[in-house]
Colleague: 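First the structure, which I've put down as structure tokens, then a few questions once you've had a look.
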Amino acid sequence: MSELINNREVDVQEQTRRQKMLKEIIKELHAGKSVEEVKARFEEAVGDVTVAEISAMEHSLMMEEGIPVSEVQRLCSVHTAIFKGSIEEIHRSSRPEEQPGHPVHTFKLENREIEKLVNFCLELHKDKFRKSDDEGIIFKLLEDLNLLLDIDKHFSRKENLLFPYLEKYGIYGPTKVMWGVDDGIRSMIKEAKILLSANTGTQEEVTAVLELIIKEVNEMVFKEENILLPMALDKLTEDEWVKIARESGMIGFCLTAPEKEWVPERAPEPQDAEMQDQKSVETPQGFIRFETGILSVQQLELIMNHLPVDLTFIDENDVVRYFSHGKERIFARTKAVIGRTVQNCHPPQSVHVVEKLLEDFKAGRKDAEDFWIQIKDKFIYIRYFAVRDGEGRYMGTLEFTQNIAPIRALEGQKRILSE
Amino acid sequence: MQKTLSINEPIFDLVSRNPEVKDIMIELGFQDIAKPGMLQTAGRFMTLAKGIKLKKMDIDSVKLAFQRHGFNIQE
């Protein structure tokens, strides 16, 4: 027992000693010594310093030594050079939900945009509409409502990614109730659009619907942030949040998007250097020489987006490299999926199907596979092709998705000459 | 003898101690509290203060309603 107590004392002593040294080094830097001068001594003396220790040290610098906050902040760049980590890592909030890319952070980020849209734009245009229902203001309202329809993605992520986990923990009632309200908001937005575009509603009717939308959306934001999200944070494990964050890109984001992928502190993933490069490079302006012609990058991009099919390409390492983004994409994709492996972009239930298919492609057992599904009025034909080079080496997989309902409905014939 | 309720305490706690609080709240317009599972889950995060803000209620009339039932709301 006394052993344990002793150990603790030694630990505490060690920590204070380290903090004292850190403080001295920082003060020396402050006094004008160069980073190089103190760097070696720092590494030798301290070794692996934790973020918590740096924070504690900064705090004591401010409190005990009276160094103003602004000075400590100025020192940050020096800290960075020494501590190897980024400032962001040092000052990273210890609460995961406050870190960019965490699903809760993203939900809140979207809520700020939603609030701006309903409380400023929609509110303002609604008031103007009440006074005058001329074309211009109707157009503005329709524009707001079209933007607000994006809320569907926010709701869908909540319902399809977050609720299942809450239900796993036995929380059914609130999720069902909230889903019902979400649906109500969705249909109100659509209803308002119809009233406005068909010009069937009276000024009072439309204003009433708009007011209801504004009220319900605000209440929903409040409920999410004061009840749902705190409750979810209380229940879900970090692993579950990581899964939600990974799958979020498939559904998409509302009016904004997380600035980056969330990497929990405990499990840093190796940064793909190639991807980093890609991000920093602007869209190239040049030309691409093919065997059968030359296209500018812009022409190529336009061609890809005008094909009446959705294309997604994953490379030989299963990393999503490209998707076309035509007007009517059947399955939503967001830029967040680029650079991620395809396994991370599929829900756990269907990932084994994807893996089996890729295995067959890589082993050369298959070159193509087709699926077809009926979704409402669309008949969706999904084709996968193994992409191979001249020597037959596997270079990746191309997903080719098309709504073939209009094609299947064709009958008889139509010739160029027939009127 | 008036009982005191804190405006910032989770509703679940308030109701656990004083079951009649639930009925007063439903009467005031917090119908969601009656739905199954709500009190045990959302109720742990929801407080009277938040509820009043959410429903844009007048805090004084809420206080009055509780006072009629013998509760004193403490801010």
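Lettering follows sequence order; numbering is per chain, from 1. Worth saying up front: this structure is predicted, and the values here are computed from it rather than measured. Hydrogens, waters and symmetry mates play no part in the numbers below; they use all other heavy atoms, side chains included.
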Colleague: Quick one: which of A/L228, A/I171, A/T175 gives a side chain to side chain contact (heavy atoms under 4.5 Å, CB included) with B/T41?
Modeller: A/I171
Colleague: Examine whether an atom of B/K50 lies under 4.5 Å from a heavy atom of chain A, and if so say whether it belongs to the side chain, the backbone or both; otherwise answer neither.
Modeller: both
Colleague: Among A/N226, A/L229, A/L233, A/D234, find the residue that satisfies the side chain to side chain contact (heavy atoms under 4.5 Å, CB included) test when tested with B/F45.
Modeller: A/D234
Colleague: Looking at B/K55, I'd like to know if its NZ atom is crowded, meaning that more than 12 non-hydrogen atoms belonging to other residues, nucleotides or ligands lie closer than 6.0 Å.
Modeller: yes
Colleague: Counting only pairs under 3.5 Å, give me each side-chain donor-acceptor contact of residues 209-222 of chain A, with atom names and distances, residues two or more places apart or in other chains.
Modeller:
{"unit_1": "A/E211", "atom_1": "OE2", "unit_2": "A/K126", "atom_2": "NZ", "d": "3.3"}
{"unit_1": "A/E211", "atom_1": "OE2", "unit_2": "A/R130", "atom_2": "NH1", "d": "3.4"}
{"unit_1": "A/E211", "atom_1": "OE2", "unit_2": "A/R130", "atom_2": "NH2", "d": "3.4"}
{"unit_1": "A/N218", "atom_1": "OD1", "unit_2": "A/N119", "atom_2": "ND2", "d": "3.1"}
{"unit_1": "A/N218", "atom_1": "ND2", "unit_2": "A/N119", "atom_2": "OD1", "d": "2.8"}
{"unit_1": "A/N218", "atom_1": "ND2", "unit_2": "A/I214", "atom_2": "O", "d": "3.1"}

Colleague: More than 12 heavy atoms of other residues, nucleotides or ligands under 6.0 Å from NZ of B/K53: yes or no?
Modeller: no
Colleague: Just wondering, more than 12 heavy atoms not from A/F120 lying within 6.0 Å of its CZ?
Modeller: no
Colleague: Tell me the closest heavy-atom pair linking B/M46 and A/I227, and the distance in Å.
Modeller: SD-CD1, 3.0 Å
